[in-house]
Amino acid sequence: MSRSTDVLFTPFQLKSLSLANCIVMAPMTRAFTAEGVPGKANADYYRRRAEGGVGLILSEGTVIDRPASRNMAGIPFFHGDEALSGWKGVIDAVHSAGGRMGPQIWHTGSTKGPTDWAPASPVESPSGLLSPEEPRGKEMSEEDIADTIAAFAKAAADAKRLGFDTVEVRGAHGYLVDQFFWSGTNKRTDRWGGPSIKERSRFAAEVIKAIRASVGEAFPLILRISQWKQQDFASRLAETPDLMADWLQPLQEAGVDIFHCSQRRFWQPEYPEIDGEQGLNFAGWVKKLTGAATISVGSVGLSGDFMGAFAGEASISTDISNLLERLERNEFDLIAVGRALISDPEWPSKVRNGGGELKGFDAAALGELA
């Protein structure tokens, strides 16, 4: 690559979070924990990415203390003494390599996992729906909602106590928080629902407020959001910038510091009818509308999107000039890299130093924690 990559390696500072560069390891479900408890293999996996030069590591989704908060075996817990002790080993390993890390705390809602595994308790969601036309599980009661908000806050407080540098809430991809955002899965007529996206943001805003109260003002809080859902790739929560502002304003006011804006392909414009085919992507529009720091993500450095990986599709390494151009014009602040870091922990150092061939992604890599 002839273009300078210096912009990728600009330090980033927000509140207590100090990063050596703009590269984030995206949260990627690996499901390699025995009984939900991270061990040495998990710590080594994350440590290797820190050694490879990633500025910030976001863990795979790790679930809060609710009876049916995960949808497949092997997903780690972020509650209970044994699991939290395991996560202490992870963050200590990452820090020993000079890295920074935050757990992504998660509730899978009524979504189904890729296997036949099912939790022992009924799955829960805003309206007992998996998708607009598919019932699954139970509608959450006021007590369920209050307990879930408290569980998110407890997990975030534990993250701070263990020494993590930040925490991310997963509010994307059709999981629980996103099921409250989405009119197709939130049919409630009480204060947790409503016809507008601003009204349906209440649950997420209360989660963020509770977390902020539990961790204080200086601890950075990230929220991952998406327009698309695994239930419907074409779904859009905000068809216009005005609707996007209505969605995000309550979340920012509640205490979000960084919006992690998930697209399947980062280079696609969010509103091409406004600013053209080379216009701002999702993270760019979020930054423009809120002024908040944003993380962009989606098929960085690879030819295919991540959904193809689950179907066994490989991807080859591709040029990142478009990414560099967008960073240079400050469209977004940070860029998350996913599958490229599964196959190649040294991806950041190779990009920086121009040494060594960048690896593509082989779906077989999902079968091991290397």
Side-chain angles (χ1 to χ4, degrees), residues 13-18 27 36-38 56-70 75-92 94-95 100-109 124 140-172 175-181 191-192 201-225 248-260 290 292-293 295:
Q13 179 79 44
L14 192 152
K15 293 187 174 178
S16 62
L17 183 65
S18 181
V37 177
L56 174 65
I57 295 170
L58 294 173
S59 82
E60 63 200 288
T62 177
V63 296
I64 62 169
D65 189 8
R66 286 294 294 161
S69 56
R70 63 178 186 169
I75 289 176
F77 298 133
F78 208 83
H79 59 86
D81 291 344
E82 193 174 3
L84 293 176
S85 177
W87 281 112
K88 175 62 173 171
V90 171
I91 188 57
D92 287 349
V94 168
H95 282 166
R100 299 290 181 267
M101 185 175 184
Q104 185 194 73
I105 52 177
W106 189 26
H107 188 314
T108 60
E124 59 185 4
M140 296 173 74
S141 68
E142 282 281 348
E143 183 178 4
D144 293 332
I145 289 172
D147 289 349
T148 300
I149 291 169
F152 271 109
K154 176 65 164 57
D158 283 333
K160 181 180 179 182
R161 176 178 60 82
L162 294 175
F164 282 91
D165 304 284
T166 183
V167 65
E168 175 172 282
V169 174
R170 188 162 187 165
Y175 296 109
L176 182 70
V177 174
D178 200 17
Q179 289 178 338
F180 275 91
F181 290 144
R191 64 191 179 122
W192 304 108
S201 293
R202 180 188 292 272
F203 173 75
E206 292 302 318
V207 167
I208 298 302
K209 288 178 185 177
I211 290 175
R212 178 57 70 206
S214 75
V215 299
E217 288 299 321
F219 194 68
L221 175 52
I222 306 170
L223 176 66
R224 197 176 207 205
I225 53 175
L248 301 176
Q249 180 185 355
L251 307 175
Q252 187 176 24
E253 291 176 351
V256 172
D257 294 304
I258 303 173
F259 288 100
H260 187 173
T290 66
I295 305 170

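Count residues from 1 along the sequence.
A donor-acceptor distance shorter than 3.5 angstrom exists from the side chain of Q13 to the backbone of K15, with no hydrogens or angles considered. Side chain of R70 to backbone of F77: no donor-acceptor contact under 3.5 angstrom is found. A donor-acceptor contact shorter than 3.5 Å is absent between the side chain of K209 and the backbone of G255.
Scanning for salt bridge (charged side-chain N to carboxylate O under 4.0 Å, His left out) contacts around R212 gives D257, with sequence neighbours left out. With sequence neighbours left out, Q252 forms a side-chain contact (heavy atoms from CB on, under 4.5 Å) with F259, T290, A292.
Nearest heavy atoms, I211 versus F152: CG1-O, 3.9 Å. The minimum heavy-atom distance linking A83 with P38 is given by the pair O-CD, 3.7 Å. Shortest non-hydrogen contact noted between A204 and V177 is CB-CG1, 3.7 Å. Nearest heavy-atom pair, F164 versus F219, reported as atom, atom and distance to 0.1 Å: O-CE1, 3.3 Å. When all heavy atoms of G109 and Q179 are compared, the closest pair comes out as CA-OE1, 3.8 Å.
Within the structure, salt bridge (charged side-chain N to carboxylate O under 4.0 Å, His left out) pairs that include any residue of residues 152-162 comprise K154-D158, D158-R161 (at least two apart or interchain).
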Working for side chain to side chain donor-acceptor pair (under 3.5 Å), residues E142 and W192: CA-CA 9 Å; E142 282 281 348; W192 304 108; 3.1 Å; yes
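Side-chain atoms of S59 and Q104 include no donor-acceptor pair closer than 3.5 Å. R66 and T148 form a side-chain donor-acceptor contact under 3.5 Å, judged by distance and modelled atom types alone.
Side-chain contact between V169 and I225: absent, with no pair of heavy atoms (C-beta onward) separated by less than 4.5 Å. Side-chain contact between L162 and F78: present, with at least one pair of heavy atoms (C-beta onward) separated by less than 4.5 Å. Contact annotation: the side chain of P76 approaches that of W87 to within less than 4.5 Å [non-hydrogen atoms, C-beta and beyond].
A distance of 8.0 Å separates NE2 of H260 from CD1 of I222, quoted to the nearest 0.5 Å. Between L248 atom CG and E253 atom CD the span is 11.0 Å, to the nearest 0.5 Å.
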